[in-house]
Amino acid sequence: MVSTNDYHSDYPNHWCPGCGNFGILDAMKSALAALDLPPEKILIVSGIGQAAKTPHFLQCNCFHSLHGRALPIATGAKIANHHMTVLVSTGDGDCYGEGGNHFMHAIRRNIDVTVLAHNNSVYGLTKGQASPTSMEGMQTKMQPGGVIAGAFNPLAVALSLGAGFVARGFSGEGDQLSNLIQAGIRHRGFALIDILQPCVSFNRVNTHKWYKDRIAPIEENHDETDLIAALRLALGTDDRIPTGIYHRRESPSYTDRIDKLNDKPLTDHQYRPELLKALLTDGYP
Amino acid sequence: MTVDISVLIGGEAGQGIQTVGLLMARTCHRAGLYVMAVNDFESRIRGGHSFIQLRISDRPVHGPTRKLHMMVALDERTYGLHQPELTEGGLALIPKDNADTMAQHHRCKMVDFEGVAKKAGSSILANTVAAGACLSLLGAPFDLFENVLKLTFNQVEEKRLAQNVQAAQYGYAAAEDEPFKWSWRWAMTSPKGRLIDGAHAVAFGALAGDCRFSAFYPMSPATGIIQRLVDMAPTVPLVIEQAEDEIAAVNMVIGAAFAGVRAMTATSGGGFSLMTEGLGLAAITETPIVIVNAQRPGPATGLPTRTAQADLQFVIHASQDEFPRFVFAPGTPFEAFSVTARAFELSERFQVPAIILVDQYLNDSLFVAEEPFEAPEAVTPFTVTDDDLDDVKHYRRYELKDSGISPRALPCNGRALVKVCSDEHDEEGHITEDAEIRDAMVEKRQAKYVAMRRQMRPPEVIHAGSDILLVSWGSMRGAMEEAVNQLRADGINCGGVHVVDVWPFPDAAVGEILGKARQFFVVEQNRSAQLGQLIRQQTGCQYTDAVLKYNGRPMCAGEITTAIKTKLR
């Protein structure tokens, strides 16, 4: 059995004391241990930002890539070896801003990766500018008159693009978050878990208390397979922020739909010169 | 007798000009002739003007010519645009009688291509009528053309084949009584090598390099490479994905390569610009990838369907800071094949990105390649597994080695944990800002250049030791070598140097060759003599002058010889 200690990394942590990321890191370790997935079986791909540093702080295979590019890296890696469990550790700026185009198309592909989007509605690593999910009117050093653009709604966007697993967690609700991560990894196909978290250094609006006052678990009678019900939750009509699984419906993932990957990953195929010789001689004339 | 005939077939986009060119090239090739076909088309699907120019010879031909012996004008505009290129005594087949043609130094014959085509079943067969008329004038036996039609259309329904054969017959009949000064007796010999375009050759090379994954975003003139891969993919372990943009394409390729398969993408300069970020990522994470840049004129959108060689300095320097990379510039389809396969091997061996520069002219033109395209018997992986490691638990992806090459394990392929990072990192792959480690990592990456440079092959030289050398790279090889031979025939002591392995630059070899010449001229399709600058930078040898062309059309030998003679005067 794998325990959370197996993920312990000696590499010193870089995050601010009190950062929501600590809760997310603990929930990840707990989820991976609960699924009995040892570090050598998982690949964590990240972009750039505080969330993207996560894979340095636990034992795993990791590709800490470029700002916004975690999803295409993860897509290529998963296509090459779909037996890997691939997680994407990203943030609101990384995934919804710089990587917005990749976010849309990764969903369309239904590539089997689990996206943990650390969403604190502010840029932490670059010290406090607005992010795509910052609330309209939020003041920052760079947006002293308040953010003009409306906030990006990742859940509604993901749902409307046909994402098969869409959930929202909160960094301060570790048990629920661990369960969401487990469900996301078990889901065969693209899974988005948007994780709300406070930024203790730069976001004075969406504080731990602010979230605590608003989050509420999704009611038990919610039908996870009902896309319209999920969209209604995601679009919201009041101050409450529902947490839990908004939508879950499996369909064949990208790699499931490629016949030549049925029996084994691309990495396990052998080079066969006879196949190539047939092509090299079988042209015209 | 010697055959060296140039034929141009032109019309609007959508009239099947490229198909005519292909049919005629195949017919010539099957008869044992040498042939090349240059496609010239606009960035549009219908209308405008496009043409294909065939050069048919009984001796090897590797470049286009300007002089035309015959023109087949499917529309009147083609005649107007190209009639100055017709040589004395040449023949133009034109769709309508035209009073302007009376006083020319060439003859014109009216063939109602569309009217004849309608008789065969449809006006869209006008291109086959044209091919028939043209081949008839050249003296090609009809059954040869008929066989080519059968082989070409064997995938489609019989009715279409029958219509095409009928159209070809009508075309032959339409030109029956017309004499053509340069027609010759077609002695059927066995085909020489294979008829292939550069794009196809790059795709073959990728398979010979064991490419397993390719991601791309469509962009002329690179799309043909991916199309060929897609056509061949069903029987080999190769997955191809159309990405949402070039940024995604290169990053998917990096992800796949990291996970353990050889991977490549193909684009043109604009897409390569978007990929420069990923190029740097491949470099600092030491992930082997292959990027093909099929050049076209720029900047920005430039001339989408035309040719250029203006990205040499760009790809050598692309992306911020410094890191080792390979750059290759094949000059023929066979070079494109072998260099591409080599690029995959070298990229993986040294854990660096490899860039292949081709261009629209090489990609889209048909050549006869006589060298054998051979698949390697085995492909060597340059990765390690747990069994190769002394201490699996403490595996370090970026372990410092004098060669700069650290043992490369793959993720989820054993107990060794693989951590890679786009930040500067320590040996384990963790972020670091330590000054000493930074120095060590820069030195580690740059150290690879020592062994990489040893892999670079010296340039190809013809007529070594000549007083005057012409120097080319990439697709200019054929025209440059033909120019050298023409100049020698005119009594000029001239040789040729062709550079394929561009970076790391083979300094010593090039310096030695050029140092012996009295004068050397670079021949390039850009405005600033980029290879000339590179030679000066790397060897200290200053080129005498440069023959440059940058209007998007391929340079031919005649242009080079004229320019050289002027410069020598």
Side-chain angles (χ1 to χ4, degrees), chain A residues 9 11 14 38-43 45 48 53 55-56 59-66 68-81 83-85 101-102 104-106 108-109 254-255 258 260-261 265-267 269-281 283-285, chain B residues 26 29-30 151-152 191 194-196 200 204 207-208 210 212-213 215 232 235-237 239 241 243-245 247-249 251-261 263 277-278 281 285 373-379 410-423 428-431:
Chain A
S9 164
Y11 184 69
H14 295 187
E40 64 266 25
K41 295 284 184 200
I42 59 167
L43 168 64
V45 182
I48 291 294
K53 291 182 179 178
H56 291 281
Q59 291 286 4
C60 61
N61 293 283
C62 102
F63 196 128
H64 180 186
S65 72
L66 292 167
R69 315 303 172 213
L71 276 169
I73 295 278
T75 300
K78 185 74 183 183
I79 292 171
N81 182 1
H83 286 176
M84 298 190 293
T85 296
N101 199 23
H102 310 312
M104 290 200 300
H105 296 281
R108 288 181 50 236
R109 286 185 188 96
Y254 180 93
T255 46
I258 296 175
K260 63 182 90 169
L261 300 183
L266 265 183
T267 45
H269 282 260
Q270 296 299 312
Y271 169 77
R272 288 169 59 196
E274 71 276 12
L275 297 178
L276 192 48
K277 280 173 184 159
L279 285 170
L280 285 171
T281 51
Y284 175 97
Chain B
R26 285 177 170 177
H29 179 241
R30 282 183 74 79
L151 283 164
T152 304
R194 69 171 69 224
L195 187 64
I196 189 168
H200 202 165
F204 272 151
L207 295 183
D210 197 21
R212 300 279 176 89
F213 177 71
M232 294 189 285
T235 57
V236 290
V239 173
E241 174 64 1
E244 54 271 25
D245 54 34
I247 299 171
N251 282 289
M252 285 181 190
V253 163
I254 292 168
F258 163 73
V261 299
E277 181 196 55
L281 177 65
T285 58
F373 285 46
E374 279 167 359
E377 287 306 320
V379 169
L410 302 175
C412 304
N413 188 41
R415 285 180 302 121
L417 295 181
V418 183
K419 278 183 153 36
V420 306
C421 181
S422 78
D423 283 76
E428 286 176 48
H430 285 304
I431 303 169

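To find a chain, count down the sequence lines: A is the first, B the second, and so on, and within it residues start at 1.
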Quick one: does Lys78(A)'s side chain have a donor or acceptor within less than 3.5 Å of a partner on Met84(A)'s backbone? yes

Under 4.5 Å heavy-atom distance to chain A, tell me which part of Thr235(B) shows up: side chain, backbone, both or neither. both

Among the listed options Gln270(A), His102(A), Met104(A), His105(A), the residue most often paired with chain B at heavy-atom distances under 4.5 Å: His102(A)

Which answer fits Leu266(A), side chain, backbone, both or neither, if we ask what part of it has an atom under 4.5 Å from a heavy atom of chain B? both

List the residues meeting side chain to side chain contact (heavy atoms under 4.5 Å, CB included) with His14(A), not counting sequence neighbours, and say none if there are none. Tyr11(A), Lys53(A), Phe57(A), Ile431(B)

When the 4.5 angstrom heavy-atom criterion is applied to Lys260(A) and chain B, the contacting part is side chain

Heavy-atom pair with the smallest gap, counting every atom of Ala375(B) and Pro273(A): CB-O, 4.2 Å

Under 3.5 Å, is there a donor-acceptor pair between the side chain of Arg194(B) and the main chain of Leu280(A)? yes

Please flag which part of Phe373(B) lies under 4.5 Å from any non-hydrogen atom of chain A: side chain, backbone, both or neither. both

When the 4.5 angstrom heavy-atom criterion is applied to Ala248(B) and chain A, the contacting part is both

Top contributor to chain B interface from Ala106(A), Ser65(A), Pro39(A) [non-hydrogen pairs under 4.5 Å]: Ser65(A)

Reported CD-to-CD distance for the pair Glu244(B) and Glu241(B), which is rounded to 0.5 angstrom: 8.0 Å

Kindly indicate whether the side chain of Glu377(B), heavy atoms from C-beta on, has any atom under 4.5 Å from the side chain of Lys277(A). yes

Residue, of Cys421(B), Gly429(B), Ala378(B), that accumulates the most heavy atom pairs under 4.5 Å with chain A: Cys421(B)

Given that the side chain runs from C-beta out, which part of Ile48(A) has a heavy atom under 4.5 Å from chain B: side chain, backbone, both or neither? side chain

Could you tell me which of Ile247(B), Ile254(B), Ile196(B), Thr285(B) has the largest number of non-hydrogen atom pairs under 4.5 Å with chain A? Ile247(B)

Heavy-atom cut-off 4.5 Å, strictly under: side chain, backbone, both or neither for Leu43(A) against chain B? both

If one checks every heavy atom of Val253(B) against chain A at 4.5 Å, the contacting part turns out to be neither

How long is the gap from CG on Leu281(B) to NE2 on His64(A), to the nearest 0.5 Å? 10.0 Å

If only atom types and distance count, is the side chain of Lys419(B) paired as donor or acceptor with the main-chain N or O of Cys60(A) below 3.5 Å? yes

Is a side-chain donor or acceptor of Thr255(A) paired with a backbone partner of Leu261(A) at a separation under 3.5 angstrom? no

What residue in Leu276(A), Leu71(A), Leu275(A), Val45(A) has the most heavy-atom pairs under 4.5 Å with chain B? Leu276(A)

Scored by heavy-atom pairs under 4.5 Å with chain B, the best of Thr267(A), Thr85(A), Ile258(A) is Thr267(A)

Heavy-atom side-chain proximity of Val418(B) to Phe258(B) below 4.5 angstrom: yes

Most contacts with chain A, counted as non-hydrogen pairs under 4.5 angstrom, among Pro376(B), Ala215(B), Gly260(B): Pro376(B)

Do you know the tightest heavy-atom contact between Glu40(A) and Leu417(B)? CA-CD2, 3.6 Å

With a 4.5 angstrom heavy-atom cut-off, which part of Ala257(B) approaches chain A: side chain, backbone, both or neither? neither

For chain A, which candidate among Ala208(B), Pro411(B), Ala259(B) shows the most heavy-atom pairs at distances under 4.5 Å? Pro411(B)

Interface check, chain B: of Arg109(A), His269(A), His83(A), most non-hydrogen pairs under 4.5 Å belong to Arg109(A)

Residue Glu277(B) versus chain A: region with a heavy atom under 4.5 Å: both

Atom group of Pro55(A) that falls short of 4.5 Å from chain B, counting heavy atoms: backbone

State, yes or no, whether a side-chain contact exists between Tyr271(A) and Val236(B) at a heavy-atom distance under 4.5 Å. no

